[in-house]
Number of protein chains: 2
Amino acid sequence: MAGLSSRSAVAIHALAMLANRREGSLTSAEIADSLESNPVMVRRVLGRLRDADLVWSTEGRGGGWSLARPPRNITLYDAYVAVEEGRIFSRHTRPPSGACEVGRNIGDLLDAEFQSAERALEERLDRTTVADLLQRILAADKEPADH
Amino acid sequence: MAGLSSRSAVAIHALAMLANRREGSLTSAEIADSLESNPVMVRRVLGRLRDADLVWSTEGRGGGWSLARPPRNITLYDAYVAVEEGRIFSRHTRPPSGACEVGRNIGDLLDAEFQSAERALEERLDRTTVADLLQRILAADKEPADH
DNA sequence: CAAAACTGTAACTACAACAATTACAGTTCA
DNA sequence: TGAACTGTAATTGTTGTAGTTACAGTTTTG
C-alpha cells in the first residue's frame, strides 16, 4: 500500500486526450499507444469513467470513447473518485484495546483527522478541470523544447 | 496500492499513548497490547519515529520509549512523514509517447497537480498536534458511553 | 452476407507492499 | 546470573496492481 494505483494518471491522461479531440472519438488502442500501455487496461479504466458518466463509449466498428460533458465541467477530482476506491489512509487493522484510555477513544477521532486530510486533497483536485489541464498541455507543447 | 499503510495509525496511536504517559516510558509490548498487535511491528514503526527525532528509546531491562519533544510540538504530519514513504499518487508506469501532443507534456503538469494535492493533505495533517488529539481522546473518555 | 474493427470481460501470470510472526543477538539492571 | 528490554533478520500468507491473451458480442463497410 505504498500509495494509490496509477489509474488516476491513466484516467486523466485519457480525459485530456478526449478533450483535445473535441467532437470526435478515440479508440482504446489509440489511448493505449499514447500511454505506452495496453488497450485492455485503458478499457478497464475508461469503463469506470463511463460508470461515473464522465465519458461514453460506442461498440462495433468505428466505435470508441468520447467525453460525456464539456472538459470545463470535468475536474481531476471527478476522475479520481471514479477510478480510485475508498480511503487513502489505512485505519487500525484490528480495533484497539478497550482496556486502554487511548485505545478506547482514538478510533473515531483519528478517522475524523484522516477524513479531513483526505478531503483537503480532494478539494485541491477539484479545483483543476480537464480544460485547465489541456490548456496548459497545449501551451507547453508550443514552447521551445529546451525550456 | 489501495492506499497508504497502517503505519500512520500505529505511529499516531503510540504517540498519543506516550503523551498520555507524561514523563514515564512505555514498552513496545504495552503499546502492542493497546493496538491488539505485535511488539515487533510497534518497534519497527517507533524505530522510524526515532530516526525522525520524535521519540527515543532505551535498551535493556526497564527500557522503553518516550517522546523526544513535548506533544504540543509534534503534529500528525510529523508522524506521517516519518513512517510513510514517498507519494500518494502513482504516476505513469511508463513514460508516455513522445509522438502524442498530450503524452509529450502531461507528465510534469500532472505531477505538479498531484504534488499540490498531496501537499494540501499534508498541510491539514500538520494542523493537529499530538497534544490536541490526546486532549480530545481524554475528553471523549469522560463522556457517557452511549453518547 | 462476410470480414473488419471495435468494446466488454474473464482468466491468468508476475510482482511488490504489507501484516504478522518466530527467532535470536545485544543491552541493561537487579 | 537471569530477567526484561530493544534491534533486526527471516519467513509466510494475503492483497492489489500491472500486464497480457483470449474470446464473445456489436456495429459498420464492402
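Proteins come first, then strands; the chains are lettered A, B, ... in the order of their sequence lines, and each starts at number 1. Computed over heavy atoms, backbone and side chain alike; hydrogens, waters and symmetry mates excluded.
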Answer yes or no: does a side-chain N or O of B/Arg50 lie under 4.0 Å from OP1 or OP2 of D/dG7? yes

Check: Quick one: is D/dG19 close enough that its OP1 or OP2 comes under 4.0 Å of any side-chain N or O from A/Asn38?
Finding: no

Notebook entry, point to check: Does any non-hydrogen side-chain atom of B/Leu26 lie less than 4.5 Å from one of B/Met17?
Noted result: yes

Of all heavy-atom pairs linking B/Leu15 and B/Ala79, the shortest is CD1-CB, 3.7 Å

_Hydrophobic cluster membership, A/Ile88 vs A/Leu109, 4.5 Å side-chain cutoff_ = yes

Between D/dA4 and B/Thr27, is there an OP1 or OP2 to side-chain N/O distance shorter than 4.0 Å?
-> no

By nearest-nucleotide position on DNA chain D, the 5'-leaning member of B/Arg94 and B/Gly63 is B/Gly63

Rounded to whole Å, the CD-P distance (A/Glu36 to D/dA18) equals 16 Å

Computed from five pairs at either end and rounded to 10 degrees, the angle between the axes of the helix from C/dC1-D/dG30 to C/dA30-D/dT1 is 0°

Assign each of B/Gly64 and A/Met41 the nucleotide of DNA chain D bearing its closest heavy atom; nearer the 5' end lies the nucleotide of B/Gly64

- Message: Should the side chain of B/Arg43 and the base of C/dT21 be counted as holding a donor-acceptor pair, with the cut-off at 3.5 Å?
- Response: no

Just so I know, are the side chains of B/Val10 and B/Met41 near enough to count as touching, which here means a heavy-atom distance under 4.5 Å?
no

request  = Answer whether the closest heavy-atom distance between the side chains of B/Leu110 and B/Arg91 falls below 4.5 Å.
outcome  = no

note: B/Arg61, atom CZ; D/dT1, atom P; distance rounded to Å ~ 16 Å

From NE2 of B/His92 across to P of D/dT17 the rounded distance in Å is 17 Å

From CG of A/Leu4 across to P of C/dA16 the rounded distance in Å is 19 Å

To the nearest angstrom, the CG-P distance between B/Leu35 and C/dC18 comes to 17 Å

Task: N/O donor-acceptor pair, side chain A/Arg44 with base D/dG19, under 3.5 angstrom - done: yes

Q.
Would you say A/Ser90 places a side-chain N or O within less than 4.0 Å of OP1 or OP2 belonging to C/dC18?
A. no

Checking B/Val42, B/Leu35, B/Leu133 against B/His13 for side-chain contact (heavy atoms from CB on, under 4.5 Å), the one that qualifies is B/Leu35

Only one of B/Glu123, B/Glu113, B/Arg87 passes side-chain contact (heavy atoms from CB on, under 4.5 Å) with B/Glu118, and that residue is B/Arg87

- Query: Does C/dG8 have OP1 or OP2 sitting under 4.0 Å from an N or O in the side chain of A/Ser57?
  - Reply: yes

Is any side-chain nitrogen or oxygen of A/Ser28 closer than 4.0 Å to OP1 or OP2 of C/dT7?
yes

Note: B/Ser90 and A/Leu4 closest approach over all heavy atoms is OG-O, 2.5 Å

A/Glu59 CD to D/dT26 C1', in whole Å, measures 5 Å

Item checked: A/Thr93 side chain near C/dA20 phosphate (N/O to OP1/OP2, under 4.0 Å) -> yes

note: B/Arg48, atom CZ; D/dT8, atom C1'; distance rounded to Å ~ 13 Å

Base, sugar-phosphate alone, or nothing: which one does B/Gly47 contact when heavy atoms must sit under 4.0 Å apart?
nothing

Here the distance between atom P of D/dT27 and atom CH2 of A/Trp65, to the nearest Å, is 14 Å

